[in-house]
Amino acid sequence: DLEDNNNRLNVEDRKQILSNHCKQNDVSLRPDELPNFSFPAGSIMYPLLCKLFCSELKYQALGKDFFENPYICIHEAMDYLQGHKRIQYASLVLCLLCQNEITGSMITKKDSRFMDIKEKVFENCRVSGRNSEIKDALDNMINTYTIRTNEGYSLIHDAVYEVLASHYGNKHPEDMLEYMSSSFVANKFIVNGISDDIGDLQIKIHKHHYQSFAERLVRDLNSLKLHDVFMNKALKIQCICNAFIDELKKLSYIEIKKLFFQTKVTYDKNAVDRISLNAIERSLSNQNSLKKLRDGPIIQPYCFRDYINRDRQYLLNGCRWLDHNIRVISWVISYGHIQLLRFLFDQVAEHQESIRRVMDLEIPFECGYKSNLNEQCRFLTLSCYSGDVDVVKLLLNHCDAECINGSLIYGLTSNSPLVTACLVGQLPVVEELIRHGASIVVQENSLTPIHAASMDGHVDVVDFLIKCGADC
């Protein structure tokens, strides 16, 4: 393992590897053409880069730039494999679609999922072969494109993984939507245009794939991969959101209500806003008291982001730390999916139910109902993280006026919707909240709105608050 600290390539190792490849290919380099041997990144990929560099004059002409940005060259290497060594190319794609690992048992025991993927990949790559030939191909690429793992084989480096995903995925996006992880789908697919720069490594979604993309999002939603669904920027693009809503329309109202509005006790904890427990703990330890937040030194950017994300996570968890009380509608609101939110509210209204009661904005009490100001405040505060004033307006239509100055205690502070909007730095949201009666007066155990806005340099918000008479 070349990424292991004990095995990491040092400067002399790198010089020797490049020298060996240069001698084998009769290549000589001037000092100004040599790469930065002390550059720490990409140790495990370095032997492959040396091999590629010495194999083509066009790569050598790039000099040290080749080692710093090798994506184009790897892309061309994939072109060569696809055209001249199809079984090797297909084997790499198989590894990619099998979550970057092909185990020995998959090959020998003919795992059903593996065989399904193999059938599709071999058809797309126009190749045929037995499982033993896949193993031989992976063995032949050891230390170039593949490495051995405890169980079998994996791609040698993230760069190979990403280039291969782009290379195969732009030709066969349906396979990527079917087999790649929810995180990959969330981060690697784009809708509007694609750069000519191969280094961008994105997969373009064409119109005839909109339905497949929406089906995958619904599948991930049912698996409660909430971060990967609602942080997916494509879902905010109208054509994709329309396709997503079309898929939801295939569900009954009862199914929609259960999926979005009912509480889920547990869900995929690894997808929790991609905040590690270490980040939360670091945030808590750095904020030892409210006084330190108000009077201490300026919070470093990573601490400030941890602070915001910690509070947002708490609200998304239903105001719980150690267990989860999840409602999917919270994520719709917090990440600003206004078109989807309107659709869901319309569904409730069309079935002659009360939005306030479906969302627990009011709850049963004695012989009737009473306002649930805590839940109103939670949803309104989550809407402030979205940065979308239309989401805030829609929530305000269903909340009591009193909730706008409410606050929920989490950690050592209790931030109101206005303080949250100031922390995030969304001036239109701040203006809307103050228009609806949000107080700029300091509340107990809370940051002041103006301090919240200044923590991340939101000058426009600070100026507006001063004009409104906020205490500096």
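Both backbone and side-chain heavy atoms feed into the values below; hydrogens, waters and symmetry mates do not. For this chain, numbers begin at 1 and follow the sequence in order. Quantities reported herein were computed from a predicted structural model and do not represent experimental measurements.
Listed for the Ser386 side chain is a donor-acceptor partner under 3.5 Å among the backbone atoms of Ser383. The backbone N or O of Asp111 sits nowhere less than 3.5 Å from a side-chain atom of Asp116 that would complete a donor-acceptor pair. Side-chain atoms of Thr108 come within 3.5 Å of backbone atoms of Gly104 as a donor-acceptor pair (strictly under, hydrogens ignored). Judged by distance alone, the side chain of Ser439 and the main-chain N or O of Val441 form a donor-acceptor pair under 3.5 Å. In terms of modelled atom types and a separation under 3.5 Å, the side chain of Ser212 and the main chain of Glu174 share no donor-acceptor contact.
Atom CD of Glu350 has more than 12 neighbouring heavy atoms from other residues, nucleotides or ligands inside a 6.0 Å radius. In the displayed structure, Lys467 atom NZ is contacted under 6.0 Å by at most 12 heavy atoms of other residues, nucleotides or ligands. Dense packing is recorded around NZ of Lys171, with more than 12 heavy atoms of other residues, nucleotides or ligands lying under 6.0 Å away.
A donor atom on one side chain and an acceptor atom on the other are not found under 3.5 Å apart for Asp388 and Gln426. With no hydrogens or angles considered, a side-chain donor-acceptor pair links Arg356 and Ser371 at under 3.5 Å. Residues Ser181 and Ser183 have side chains that never bring a donor and an acceptor to within less than 3.5 angstrom of each other.
Using a 4.0 Å cut-off between charged nitrogen and carboxylate oxygen, Lys257 and Glu353 count as a salt-bridge pair. Under a 4.0 Å N-O distance rule, the pair Arg216/Asp220 qualifies as a salt bridge. A salt bridge links Glu178 and Arg219; the closest N-O separation between the charged side-chain nitrogens and carboxylate oxygens is under 4.0 Å.
A side-chain contact (heavy atoms from CB on, under 4.5 Å) with Tyr153 is found for one member of Glu101, Met141, Lys135 and no other, namely Lys135.
Under the ring pair (Phe, Tyr, Trp, His ring centres under 6.0 Å) criterion, His167 pairs with His75, Tyr89, not counting sequence neighbours. In this structure Glu162 satisfies the side-chain hydrogen bond (donor to acceptor under 3.5 Å, both in side chains) test with no other residue, sequence neighbours excluded. Every residue meeting the side-chain hydrogen bond (donor to acceptor under 3.5 Å, both in side chains) condition with Arg357, not counting sequence neighbours, appears here in chain and number order: Glu362. Qualifying ring pair (Phe, Tyr, Trp, His ring centres under 6.0 Å) partners for His172, counting only residues two or more places apart in sequence or in other chains: Tyr168. Listed by chain and residue number, Ser252 satisfy the side-chain hydrogen bond (donor to acceptor under 3.5 Å, both in side chains) test with Glu255 (two or more places apart in sequence, or in another chain).
Separation of atoms CG (Leu155) and CD1 (Ile147) is listed at 8.5 Å; rounding is to 0.5 Å. Remark: Asp463 CG to Cys468 SG distance equals 11.0 Å, nearest 0.5 Å. Separation of atoms CG (Leu97) and CZ (Phe114) is listed at 11.0 Å; rounding is to 0.5 Å.
Leu248 is listed as a side-chain neighbour of Phe260, based on a closest heavy-atom distance under 4.5 Å.
A salt bridge (Lys or Arg N to Asp or Glu O under 4.0 Å) check over residues 415-433, counting only residues at least two apart or in different chains, returns the pairs Glu432-Arg435.
Between Phe345 and His398, the ring center distance clears the sub-6.0 Å criterion.
Note that Arg378 lies outside the cation-pi zone of Tyr314, set by a 6.0 Å cut-off to the ring centre and a 45° limit from the axis.
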